[in-house]
Amino acid sequence: MATPLSRTHSQRRQRFTETYNLCARACDADAGVQQLLCTSSRLRCASLGGGPAFELDAVREFCRAKNDSVEFAFYSLDLQPGWRPYAEA
């Protein structure tokens, strides 16, 4: 039986992979998205209702793989205060 921690780890892997691949596909499909994610010097991104914000980790890693000097401002907004320590880590 899966523990809450193992479920969270499994969800992290799935959501991270889905978001990372979505960034890659979006860049392949649209030159504007590619320019935004791969060459911007600063990006602001929000995760709405995303719990521990695994999606923001994926966006950060995707963009850093293309442009290691990019600066980020991330915002994780969720009504459940229990996710705060994870989102701030």
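If you're wondering where the values come from, they're calculated on a predicted model, not measured in any experiment. The basis for the numbers below is simple: all heavy atoms, side chains too, and nothing from hydrogens, waters or symmetry mates.
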Trainee: Side-chain heavy atoms nearer than 4.5 Å, only ILVMFWY residues, links allowed to pass through others: does that put Val33 and Tyr20 together?
Mentor: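 Per the 4.5 Å side-chain linkage, Val33 and Tyr20 are co-clustered.
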
Trainee: If you look at every heavy atom in Ala58 and Thr19, which pair is closest and at what distance?
Mentor: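 Nearest pair, atom of Ala58 first, then Thr19: CB-CB, 3.7 Å.
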
Trainee: For the atom pair CG (Leu36) and SG (Cys63), what is the distance rounded to the nearest 0.5 Å?
Mentor: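 Rounded to the nearest 0.5 Å, the CG-SG separation comes to 7.5 Å.
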
Trainee: Under the criterion side-chain hydrogen bond (donor to acceptor under 3.5 Å, both in side chains), I'd like the reasoning laid out for Ser69 against Asn67: C-alpha separation, chi angles, the key distance, then a yes or no.
Mentor: CA-CA 6 Å; Ser69 65; Asn67 175 9; 2.9 Å; yes

Trainee: Output, in order, the C-alpha distance, side-chain angles, deciding distance and verdict of ring-ring contact (aromatic ring centres under 6.0 Å, His included) for Phe54 and Phe16.
Mentor: CA-CA 6 Å; Phe54 299 138; Phe16 180 95; 9.0 Å; no

Trainee: I need the minimum non-hydrogen distance between Val70 and Ser40, along with the two atoms involved.
Mentor: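 The pair with the smallest heavy-atom distance is CG2-O, 3.3 Å.
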
Trainee: Under the 3.5 angstrom rule, does the side chain of Asp30 hit a backbone N or O of Ala26 as a donor-acceptor pair?
Mentor: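 Here the side-chain-to-backbone pair does not exist.
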
Trainee: Could you list the donor-acceptor pairs under 3.5 angstrom formed between side-chain atoms of residues 41-52 and any protein atom two or more places apart in sequence or on another chain?
Mentor:
none

Trainee: Can Leu37 be reached from Tyr75 by stepping across I, L, V, M, F, W or Y side chains whose heavy atoms are under 4.5 Å apart?
Mentor: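 Hydrophobic grouping puts Tyr75 apart from Leu37.
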
Trainee: If you draw a 6.0 Å radius around CD in Gln35, do more than 12 non-hydrogen atoms from other residues or ligands fall strictly inside?
Mentor: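 Incorrect, the count does not exceed 12.
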
Trainee: For a quick test of reading the model, state the closest non-hydrogen atom pair linking Cys38 to Phe62 and the distance between them.
Mentor: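 Result for this residue pair: SG-CE2, 4.2 Å.
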
Trainee: Is a salt bridge present between Asp57 and Arg15, judged by a nitrogen-to-oxygen distance below 4.0 Å?
Mentor: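 So Asp57 does not pair with Arg15 through a salt bridge.
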
Trainee: What residues, two or more places apart in sequence or in another chain, satisfy side-chain contact (heavy atoms from CB on, under 4.5 Å) together with Gln14?
Mentor: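 Glu18.
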
